[in-house]
Amino acid sequence: MTSNYTVTVLGLGAMGLPMATRLASQLTVHGFDIAEPRLRLAEESGVKTFASARDAAQDTDALLLAVRNSEQLDDVLFGGNGVASVLKPGAVVILTSTVGTEAIPSTVARLAEFGVGLVDAPLSGGPKRAGEGDLLIVVGAEPKALESARPVLELLASTLTVVGDKPGDGQALKTVNQLLCGIHIAAAAEAMALADALGLDQAKTLAALEAGAAGSFMLSNRGPRILEAYTEEGAEVLSRLDIFVKDMGIVGKATRSAGLATPVAAAAEQLYLLGQAHGLAAADDSAVIKVVAPTKRTAGEG
């Protein structure tokens with residue numbers, strides 16, 4: 001099935017490019033990005049690039065989207081230069097972003113007018129794991145659409161969990177996932193700020209915490225970047241802080257709709273909002289420690 005299978009990747013940024021590169025190892029990949037340097041990098045990786053998103057989406061079996069939010073999703077598919085109308089009947093749109101459940105029903109209905117299915121497949125893992133096919137992907141999709149998307153999903157995921165047979169199920173599970181991730185990053189930042197305030201060596205503290213019951217994926221993943229937050233350059237931006245402003249907003253909307261009290265998640269959301277207000281929106285999300293403790297202790301302080 002895969003020998004004549006074509007997938008289009010729109011957006012060749014931090015996640016899009018490694019995903020396109022990974023897919024190009026076995027599939028025909030079309031790509032588009034508004035940034036010329038990203039197009040050149042994609043071409044070097046075996047991706048056939050195009051001058052527009054609509055050109056790239058012609059005659060494709062699957063369209064992989066990594067958009068920022070539901071508004072961008074709507075614009076890419078149905079806006080003035082939207083690609084939905086050029087997709088061939090039977091194609092599938094694979095949505096890898098966290099946009100929440102609310103936008104999904106209308107997107108499904110509008111795509112159906114073109115004979116196109118939606119595979120709701122939000123993912124986690126970051127750029128390095130994307131390039132290695134080591135992502136966690138949770139999927140909500142009708143069985144026929146899921147089978148059409150499998151060549152793409154199985155190349156990208158080391159863990160592929162089908163959580164339901166309708167689009168929106170993947171977004172629901174990812175919302176739960178982001179509640180935990182957002183809390184864990186904020187908690188890790190608070191812990192490392194406390195270690196510093198108590199005069200402890202943060203690196204030694206991090207190593208000790210990782211080895212014990214307090215360890216978590218987010219502590220190990222974000223901890224080293226938290227320690228770089230106060231350097232002049234800051235930590236390398238692998239996940240922007242304002243992504244968690246968006247995602248914790250989705251969590252908050254979902255919990256309010258369900259009538260569920262989530263005070264810990266709400267507190268974490270406020271930390272990300274404060275970080276954004278303090279000019280950290282484009283910084284790595286590990287910079288949330290600078291909201292808890294704006295400055296790092298110097299050696300020998302109290």
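FYI, the numbering just counts along the sequence from 1. Note: hydrogens, waters and symmetry copies are ignored here, and every other heavy atom, side chains too, is used.
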Rounded to the nearest 0.5 Å, what's the gap from OG on S70 to NZ on K246? Could you check? 9.0 Å

Checking side-chain contact (heavy atoms from CB on, under 4.5 Å) for the pair V29/K48: CA distance, chi angles, key distance, verdict? CA-CA 6 Å; V29 180; K48 183 178 180 181; over 6 Å; no

Counting distance only, does the side-chain N/O of Y272 pair as donor-acceptor with the main-chain N or O of A281 below 3.5 Å? no

Work out which heavy atom in G16 is nearest to a heavy atom in V9; give both atom names and the distance. O-CG1, 3.8 Å

What are the two closest non-hydrogen atoms of R297 and A197, and how far apart are they? NH1-O, 3.2 Å

Decide yes or no for E236 and D284: does some side-chain heavy atom of the first lie under 4.5 Å from some side-chain heavy atom of the second? no

Rest of the hydrophobic cluster containing F78 (Ile/Leu/Val/Met/Phe/Trp/Tyr, side-chain heavy atoms under 4.5 Å)? L10, F32, I34, L63, L65, V67, L73, V76, L77, V83, V86, L87, V93, L95, V99, I104, V108, L111, F114, V116, L118

Hey, any chance L146 and V163 share a hydrophobic cluster, counting ILVMFWY side chains that come within less than 4.5 Å of each other, even indirectly? no

Do the side-chain N and O atoms of Q171 and D120 include a donor-acceptor pair separated by under 3.5 angstrom? yes

Begin from the C-alpha positions of L64 and M19 and carry the test side-chain contact (heavy atoms from CB on, under 4.5 Å) through to its verdict. CA-CA 9 Å; L64 188 146; M19 286 194 290; 3.7 Å; yes

Do L227 and M192 touch side chain to side chain, with heavy atoms closer than 4.5 Å? yes

Mind checking what makes side chain to side chain donor-acceptor pair (under 3.5 Å) contact with D59, not counting sequence neighbours? none

Salt bridge flag under 4.0 Å for residues R150 and E147: yes

Looking at V7, is its backbone amide N or carbonyl O close enough to the side chain of D61 to form a donor-acceptor pair, meaning the two atoms are under 3.5 Å apart? no

To the nearest 0.5 Å, what is the distance between CG on D247 and OG1 on T175? 8.0 Å

Heavy-atom closest pair, residues S85 and G82: OG-O, 4.0 Å

If only atom types and distance count, is the side chain of D201 paired as donor or acceptor with the main-chain N or O of K204 below 3.5 Å? yes

With ILVMFWY side chains joined below 4.5 Å, transitively, what does V237's cluster contain besides itself? none

Is there a side-chain contact between K290 and K296 in this structure, where contact means two heavy atoms from C-beta onward sitting under 4.5 Å apart? no

Quick check for you: to the nearest 0.5 Å, what is the distance between D196 atom CG and T205 atom OG1? 9.0 Å

Which heavy atom in A186 sits nearest to a heavy atom in V288, and how many Å separate them? CA-CG1, 4.5 Å

Pairing of D134 and K128 as salt bridge, 4.0 angstrom limit: no

Test side chain to side chain donor-acceptor pair (under 3.5 Å) applied to S25 - qualifying residues, sequence neighbours left out: none

State which residues pass side chain to side chain donor-acceptor pair (under 3.5 Å) with K166; sequence neighbours excluded, sorted by chain then number. D169

If hydrophobic clusters are built by linking Ile, Leu, Val, Met, Phe, Trp and Tyr wherever their side-chain heavy atoms come under 4.5 Å apart, do V251 and L273 end up in the same one? yes

Residues at least two apart in sequence or cross-chain that pass side chain to side chain donor-acceptor pair (under 3.5 Å) with E43, listed by chain then number, are T49

For K253, does its backbone N or O pair with a side-chain atom of S257 as donor and acceptor, under 3.5 Å? no

Please confirm whether the backbone N or O of S45 pairs with a side-chain atom of T21, one donor and one acceptor, at under 3.5 Å? no

Is the backbone N or O of P294 less than 3.5 Å from a side-chain atom of Y230, with the two atoms forming a donor-acceptor pair by type? no

Just so I know, are the side chains of T161 and T159 near enough to count as touching, which here means a heavy-atom distance under 4.5 Å? yes

Quick one: sort the F50 and H30 rings into parallel, tilted or perpendicular, breaks at 30° and 60°. tilted

In short, A287 meets A229 closest at the heavy-atom pair CA-CB, 4.3 Å

Check whether T8 reaches the backbone of A56 with its side chain - one donor and one acceptor, N or O, closer than 3.5 Å. yes

With the 4.5 Å side-chain cut-off for hydrophobic clustering, are L241 and M15 part of the same group? no

Do Q72 side-chain atoms and R68 backbone N/O form a donor-acceptor pair below 3.5 Å? yes

Taking the side chain as C-beta and beyond, is there a heavy-atom pair between V152 and L23 under 4.5 Å? yes

If you measure from the Lys or Arg side-chain nitrogens to the Asp or Glu carboxylate oxygens, is any gap between R222 and D285 under 4.0 Å? yes

Between V264 and M218, is there shared hydrophobic-cluster membership here, with clusters defined by ILVMFWY side-chain heavy atoms closer than 4.5 Å? yes

Membership question, hydrophobic clusters at under 4.5 Å side-chain separation (ILVMFWY): are L173 and I183 in the same one? no

Side chains of F244 and Q178: closer than 4.5 Å at any heavy-atom pair? yes

Give, for atom OG of S216 and atom NE2 of H184, the distance between the pair rounded to the nearest 0.5 Å. 6.0 Å

Please walk me through it: do L198 and L194 pass side-chain contact (heavy atoms from CB on, under 4.5 Å)? CA-CA 6 Å; L198 295 176; L194 177 60; 3.9 Å; yes

Check step by step if side-chain contact (heavy atoms from CB on, under 4.5 Å) holds for D74 and T107. CA-CA 8 Å; D74 188 73; T107 302; 5.8 Å; no

Please check: side-chain N/O of T231 versus main-chain N/O of E228, any donor-acceptor pairing under 3.5 Å? yes

Side chains of R225 and S239: does their closest heavy-atom pair fall under 4.5 Å? yes

Closest heavy-atom pair, A157 versus I137, reported as atoms and distance to 0.1 Å, is CB-CD1, 3.7 Å

Answer whether the closest heavy-atom distance between the side chains of L135 and S124 falls below 4.5 Å. no

For a side-chain hydrogen bond (donor to acceptor under 3.5 Å, both in side chains) check, start with the C-alpha distance between T262 and R256, then their side-chain angles and the critical distance, and finish with the verdict. CA-CA 9 Å; T262 51; R256 286 189 294 274; over 6 Å; no

Charged N to carboxylate O under 4.0 angstrom, D33 versus R38? no

What is the distance from atom CG of L238 to atom CG of N221, rounded to the nearest 0.5 Å? 8.0 Å

Rounded to the nearest 0.5 angstrom, the OG1-CG distance for T98 and N69 is 11.5 Å

